Structure formats: C-alpha cells, structure tokens
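Numbering of residues begins at 1 and proceeds along the displayed sequence. Please read all numbers here as calculations on a predicted model, not as lab measurements.
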Amino acid sequence: MRSGLVILFSVLFLSGCGMQSIPTAKNDVEASLSEVTNQYKRRADLIPNLVATVQGYAKHEKETLEGVTQARAQATQVTIDPSKATPEQIQKYSQAQGQLSSALGRLLMVAEKYPDLKADQNFRDLQAQLEGTENRITIARQRYIESVKQFNNLVTVPPTSWTNSILYHHEKLPQWDVSADEKTKIEKPPEVKF
C-alpha cells in the first residue's frame, strides 16, 4: 500500500504535476468557446437592424431578407454548452453559423444593387459593425483553437498526461471545424469579375 502511494506521488511529482495546469487549461477552453458563442450572438443581434435597413430600400428582395431571417433563427436555436461540448455539437453549431454567414453574404450582395442603400449612413454603420463582428468571431475561434490545442497537449503528452490518466481522465477535446458548405467555398476560390 505504502509503495503504491510512493509511486503515485513520484509520478505526480515527476510529471510536473499538471494538477493545476490541466484544470486551468480546461477552464480556458470553456471560456474561449463561450467567447466564440458571445461573438456569434453579437452578430445575431445586429442582423434584425441590418435587415430592417435593407428592407426600406429593397422591398422586392423579400426572398433574400427572409433567408437571412430564417438562417438567424436557426443559428440562434443551436446552442452549445462549453463545459460539455462534443464534436457533434460543435459541428452542428458551426454549420448553423456557416449558413448564417452565407445568408449575410447574399444580403450584402443585394446591397450592391442599390446605390442609395450603400450610401445610407445607417447601412454603412451596420455593415462596419458586421465586418468588425466577423473579425471578432475569427479571433475568438483562433483563441478557442489554440486553447484546445494547449489542453489536448496537457492531457496527451507526458509528463502531464500521466497526471491526467491517474487523476482526471479527460479525453482530448474536439477542435473547431468548418461546415461542409464552408469547406466547399474554401476549396473553390471566388470568381472576381470587373
């Protein structure tokens, strides 16, 4: 019994403990995923204002506006609990947000048809806020990816992985991935016409 405890404490000591770094890294992952969802919520909150502004100028673009509204509704229905995120939940969440990004892209293309809309200060302000939000989303996702990488290293790479296998038993966490629709867009470069 005593030799077992000596071995246990020796392993923990030699492993650089990891007793604090593993839980701290897990907390960092949860916080960074919460920031990703926070930025997506910010975007979802801006969309009704953008849609209302565009509606004033582009009344006959009903299909595009309804598509954005529907995609926003679907994206806000998909939620994720950072402390219990599974690869499937992250993929479903990412897919819903990708559909919303696609719908927003179509909406901004509609704006190109209406010079008065493009000149409207409210529209320009909302567009700038959406662009800023998209940048914030990108940064939040990058931070999430990095925090998952750091956590996964702690739970899989010795010596801290030994502490994990003895005390915590955490599995590797799923990494952020783009939806199939977004992968298609990445693989096919955009066509630019003048």
Side-chain angles (χ1 to χ4, degrees), residues 29-145 147-148 173-193:
V29 168
E30 291 172 8
S32 60
L33 184 55
S34 292
E35 181 58 21
V36 171
T37 59
N38 178 45
Q39 293 304 328
Y40 278 129
K41 182 180 181 328
R42 181 178 192 274
R43 177 175 72 175
D45 291 346
L46 287 171
I47 290 171
N49 296 324
L50 181 65
V51 169
T53 302
V54 174
Q55 270 178 329
Y57 285 91
K59 291 180 180 166
H60 62 280
E61 297 290 351
K62 186 177 178 183
E63 183 180 314
T64 301
L65 296 170
E66 287 175 352
V68 170
T69 303
Q70 182 181 17
R72 178 191 177 270
Q74 289 173 345
T76 57
Q77 287 177 354
V78 178
T79 59
I80 194 164
D81 179 356
S83 65
K84 300 174 184 164
T86 65
E88 295 80 21
Q89 288 173 324
I90 290 177
Q91 181 182 20
K92 187 176 179 182
Y93 187 79
S94 175
Q95 185 177 17
Q97 295 302 327
Q99 289 169 349
L100 180 54
S101 294
S102 179
L104 278 173
R106 288 190 300 277
L107 178 62
L108 294 175
M109 285 183 1
V110 164
E112 294 294 320
K113 295 181 186 178
Y114 300 93
D116 291 340
L117 174 60
K118 288 193 323 188
D120 180 76
Q121 186 63 40
N122 290 333
F123 178 77
R124 287 191 312 217
D125 290 347
L126 287 168
Q127 189 174 21
Q129 285 189 30
L130 276 173
E131 288 171 358
T133 300
E134 293 300 320
N135 289 335
R136 290 176 182 180
I137 289 169
T138 299
I139 290 167
R141 289 194 315 202
Q142 287 172 341
R143 288 179 180 156
Y144 174 75
I145 289 166
S147 65
V148 168
L173 293 174
Q175 220 13 300
W176 190 271
D177 197 12
V178 295
S179 67
D181 185 43
E182 288 175 307
K183 284 182 183 177
T184 302
K185 290 177 188 175
I186 292 169
E187 293 167 1
K188 181 183 174 196
E191 193 174 306
V192 178
K193 293 182 181 179

| For Ser32 against Val29, the heavy-atom pair lying closest together | OG-O, 3.0 Å
| note | Residue pairs meeting salt bridge (Lys or Arg N to Asp or Glu O under 4.0 Å), one or both in residues 32-41, sequence neighbours left out, come to Lys41-Asp45
| Between atom CG of Leu104 and atom CD of Glu131, what is the distance when rounded to the nearest 0.5 Å? | 11.5 Å
| task | Give a yes-or-no answer on whether the side chains of Arg143 and Ser147 include a donor-acceptor pair shorter than 3.5 Å. | result | no
| field | Option passing side-chain hydrogen bond (donor to acceptor under 3.5 Å, both in side chains) with Gln97 (candidates Lys92, Arg43, Gln74, Arg141) | value | Arg43
| Going from CD on Gln39 to OG on Ser34, what distance comes out if it is rounded to the nearest 0.5 angstrom? | 12.0 Å
| field | Intermediate values then yes/no, side-chain contact (heavy atoms from CB on, under 4.5 Å), Arg42 and Asn38 | value | CA-CA 6 Å; Arg42 181 178 192 274; Asn38 178 45; 5.6 Å; no
| message | Could you measure the distance from the CG atom of Leu130 to the CG atom of Asp125? Nearest 0.5 Å is fine. | response | 11.5 Å
| query | Does the side chain of Pro174 come within less than 4.5 Å of Gln91's, by heavy atoms? | reply | no
| Atom CG of Leu173 and atom CD1 of Ile90: how far apart are they, to the nearest 0.5 Å? | 7.5 Å
| Counting N and O atoms only, with roles assigned by atom type, does the side chain of Gln175 sit under 3.5 Å from a partner on the main chain of Ile145, one being a donor and the other an acceptor? | yes
| message | So which atom in Ala71 and which in Ala103 form the shortest heavy-atom distance, rounded to 0.1 Å? | response | CB-CB, 3.9 Å
| Atom pair OG1 (Thr69) and CG (Leu100), whose distance is rounded to the nearest 0.5 Å | 10.0 Å
| said: Is there a side chain to side chain donor-acceptor pair (under 3.5 Å) between Arg106 and Ser102? Walk through the geometry before answering. | reply: CA-CA 6 Å; Arg106 288 190 300 277; Ser102 179; 3.0 Å; yes
| message | Ignoring hydrogens, what is the shortest heavy-atom contact between Tyr144 and Val36? Give both atom names and the distance. | response | CB-CG2, 4.0 Å
| request: Flag the pair Leu33 / Tyr93 as yes when at least one side-chain heavy-atom distance between them is below 4.5 Å, and no otherwise. | output: no
| note | In short, Thr86 meets Gln89 closest at the heavy-atom pair N-OE1, 2.9 Å
| task | Search all heavy atoms of Thr76 against all heavy atoms of Thr79 and return the closest pair with its distance. | result | O-CG2, 4.0 Å
| query | Where does the angle between the aromatic ring planes of Trp176 and Tyr40 fall among parallel (under 30°), tilted (30 to 60°) and perpendicular (over 60°)? | reply | parallel
| pair Val68-Leu50: side-chain heavy atoms closer than 4.5 Å | no
